[in-house]
Visitor: 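After the structure tokens below, expect a handful of questions from me.
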Amino acid sequence: KAESKTEFLQALQGTNIGIAKGIGMSLENDINDTNAYYLESINVASTQNGFTSMDGVLYHNGRILQYPLARKGDSYTLNSSWSSDAFNGVRFLKQVYIPDHVYQDGPFQFTWISAETIFVNDSHPYYQVIDGHLVSKDGKSLWAGANQTTTVVPGIQRIKEGAFLGKNKIETLIFSEGTEVLELYAVSGLSNLTTVILPRSLEEIHEEVFYCCTNLQTIIYNGTIEEWNAIEKIPSWHFGVPTLQVQCSDGIVYLEPDVN
């Protein structure tokens with residue numbers, strides 16, 4: 001990332017200064033508060049301080065730093081690694097293709113890629129797509145959930161950080177037996193989600209897993225109350241969830257309100 005807003009602005013040419021300023025601010029978290037919302041292209045005159053541009057997309061030291069929020073076209077090929085918030089707020093992107101040579105590690109790497117469809121080749125060494133989900137090659141970790149699904153494919157053990165964040169077409173989400181861990185923000189920001197069904201195999205629920213699921217009214221756990229109580233849970237796992245009940249096979253668990 002840029003060391004300063006000034007360094008960022010000096011690298012840009014041919015963009016409205018208000019938009020450029022907005023992008024500079026966005027190097028942390030503030031992109032949606034500025035005119036950057038309307039930005040279609042970012043162009044760098046030449047390589048400066050590690051900044052370059054390709055097809056209107058900004059790179060820093062060979063890594064995608066910012067994809068313009070209003071860039072025309074509904075498909076894009078990820079030809080390098082990317083900043084975790086490089087796609088935050090992108091409006092028109094619907095399809096993303098990940099070539100065999102591209103791999104992204106670390107938390108929240110796919111969180112803001114809100115494309116409805118992600119494609120990889122069968123030959124990709126690290127990823128596969130199963131029923132619209134981007135899954136690790138060994139089939140154990142779900143990196144990015146599909147936006148039109150109700151059931152997570154069997155065999156998935158870990159739902160990665162932010163895997164379903166913002167997938168607002170989902171109303172019911174069913175986790176198949178075998179799912180063991182729901183990581184931070186795994187199912188957060190699903191404004192239309194009303195029902196979640198959790199498997200008996202669940203072992204860990206991390207913090208704020210359902211944050212901002214403001215219409216979530218029903219949480220069903222396919223095990224007993226005793227089994228539910230044995231799950232390792234961060235106290236804030238249900239922060240922001242309207243319901244304070246978990247329906248188990250032998251009764252209801254009443255949750256304490258979490259004010260975080």
Visitor: Are Glu40 and Arg71 ion-paired here, with the side-chain N under 4.0 Å from a carboxylate O?
Guide: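 Looking at Glu40 and Arg71, the cut-off is not met.
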Visitor: Determine the minimum heavy-atom distance between Leu193 and Val187, stating which atoms define it.
Guide: CD2-CG1, 3.9 Å
Visitor: Under 3.5 Å, is there a donor-acceptor pair between the side chain of Ser53 and the main chain of Gly56?
Guide: no
Visitor: Quick one about Tyr59 and Asn79 (side-chain donor to acceptor, distance below 3.5 Å, no hydrogens or angles considered), yes or no?
Guide: yes
Visitor: How about Glu177: does its CD atom have over 12 heavy atoms from other parts shown lying under 6.0 Å from it?
Guide: yes
Visitor: Regarding Asn168 and Ser191, do their side chains bring together a donor and an acceptor under 3.5 Å, going by distance alone?
Guide: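 Side chains of Asn168 and Ser191: pair found under 3.5 Å.
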Visitor: Count the heavy atoms belonging to other residues, nucleotides or ligands that lie under 6.0 Å from OH of Tyr211, then report whether that count exceeds 12.
Guide: no
Visitor: Between Lys140 and Asp138, is there a donor-acceptor pair closer than 3.5 Å when you use the side chain of the first and the backbone of the second?
Guide: no
Visitor: Going by heavy atoms in the side chains, are Ile159 and Thr179 under 4.5 Å from each other?
Guide: yes
Visitor: State whether the number of non-hydrogen atoms from other residues, nucleotides or ligands found under 6.0 Å of Lys137 atom NZ is greater than 12.
Guide: yes
Visitor: Look at the side chain of His133 and the backbone N and O of Gly145, then say whether any donor-acceptor pair between them is shorter than 3.5 Å.
Guide: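 Such a contact is absent between His133 side chain and Gly145 backbone.
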Visitor: Under 4.5 Å between any side-chain heavy atoms of Ile205 and Ile234, yes or no?
Guide: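 They are not in contact (no side-chain heavy atoms under 4.5 Å apart), so the answer is no.
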Visitor: Using modelled atom types and a 3.5 Å cut-off, is there a donor and acceptor pairing between side-chain atoms of His124 and backbone atoms of Val102?
Guide: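 At least one qualifying donor-acceptor pair exists.
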Visitor: Within a radius of less than 6.0 Å around CG of Asp122, do more than 12 heavy atoms belonging to other residues, nucleotides or ligands occur?
Guide: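 No, the 6.0 Å shell around CG holds no more than 12 heavy atoms from other groups.
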Visitor: Walk me through it: do Tyr185 and Glu208 pass the test side-chain hydrogen bond (donor to acceptor under 3.5 Å, both in side chains)?
Guide: CA-CA 6 Å; Tyr185 296 143; Glu208 300 185 14; 3.2 Å; yes
Visitor: Within the supplied structure, the quantity of interest is the number of heavy atoms (other residues, nucleotides, ligands) at a distance under 6.0 Å from Glu232 CD; does it exceed 12?
Guide: no
Visitor: Can you find a heavy atom in the side chain of Phe87 that is under 4.5 Å from one in the side chain of Leu78?
Guide: yes
Visitor: For the pair Glu180 and Arg158, find out whether any cationic side-chain nitrogen is under 4.0 Å from an anionic carboxylate oxygen.
Guide: no
Visitor: Just by distance, no angles: are the side chains of Asn43 and Ser41 close enough, under 3.5 Å, to form a donor-acceptor pair?
Guide: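 Yes.
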Visitor: Within the 4.5 Å heavy-atom criterion, are Trp82 and Gln104 side-chain neighbours or not?
Guide: yes
Visitor: Are Tyr126 and Tyr103 near enough that their ring centres are under 6.0 Å apart?
Guide: yes
Visitor: Using the rule given for side-chain contact (heavy atoms from CB on, under 4.5 Å), can you reason through Val96 versus Thr117, listing the C-alpha separation, both sets of side-chain angles and the distance that settles it, and then say yes or no?
Guide: CA-CA 6 Å; Val96 166; Thr117 308; over 6 Å; no
Visitor: So, applying side chain to side chain contact (heavy atoms under 4.5 Å, CB included) with Phe175, which one of Thr151, Val152, Leu142 is it?
Guide: Val152
Visitor: Can a donor-acceptor pair be found, under 3.5 Å and without considering hydrogens, that links the side chain of Ser201 to the backbone of Gly178?
Guide: yes
Visitor: Can you list the residues that meet the side-chain contact (heavy atoms from CB on, under 4.5 Å) rule with Lys169, with sequence neighbours excluded?
Guide: Glu116, Asn147, Gln148
Visitor: Return the minimal non-hydrogen interatomic distance between Arg200 and Asn222, and the atom names on each side.
Guide: CG-O, 2.5 Å
Visitor: Please examine the side chains of Glu204 and Trp237, heavy atoms only from C-beta on, and report whether any two atoms are closer than 4.5 Å.
Guide: no
Visitor: Using a 3.5 Å distance criterion without hydrogens, assess whether the side chain of Lys233 forms a donor-acceptor pair with backbone atoms of Glu203.
Guide: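 Such a contact is absent between Lys233 side chain and Glu203 backbone.
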Visitor: Could you check whether Phe210 and His238 have their ring centres less than 6.0 Å apart?
Guide: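 No, the ring of His238 stays outside the 6.0 Å limit from the ring of Phe210, centre to centre.
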Visitor: Could you tell me whether the side chains of Ser123 and Asp100 share a donor-acceptor contact shorter than 3.5 Å?
Guide: yes
Visitor: Evaluate the ring-ring contact (aromatic ring centres under 6.0 Å, His included) criterion for residues Tyr76 and Tyr97: first the C-alpha distance (whole Å), next the side-chain angles of each, then the deciding distance (0.1 Å), finally the verdict.
Guide: CA-CA 6 Å; Tyr76 186 68; Tyr97 170 67; over 10 Å; no
Visitor: Examine distances only and state if a side-chain atom of Ser188 and a backbone atom of Val209 form a donor-acceptor pair shorter than 3.5 Å.
Guide: no
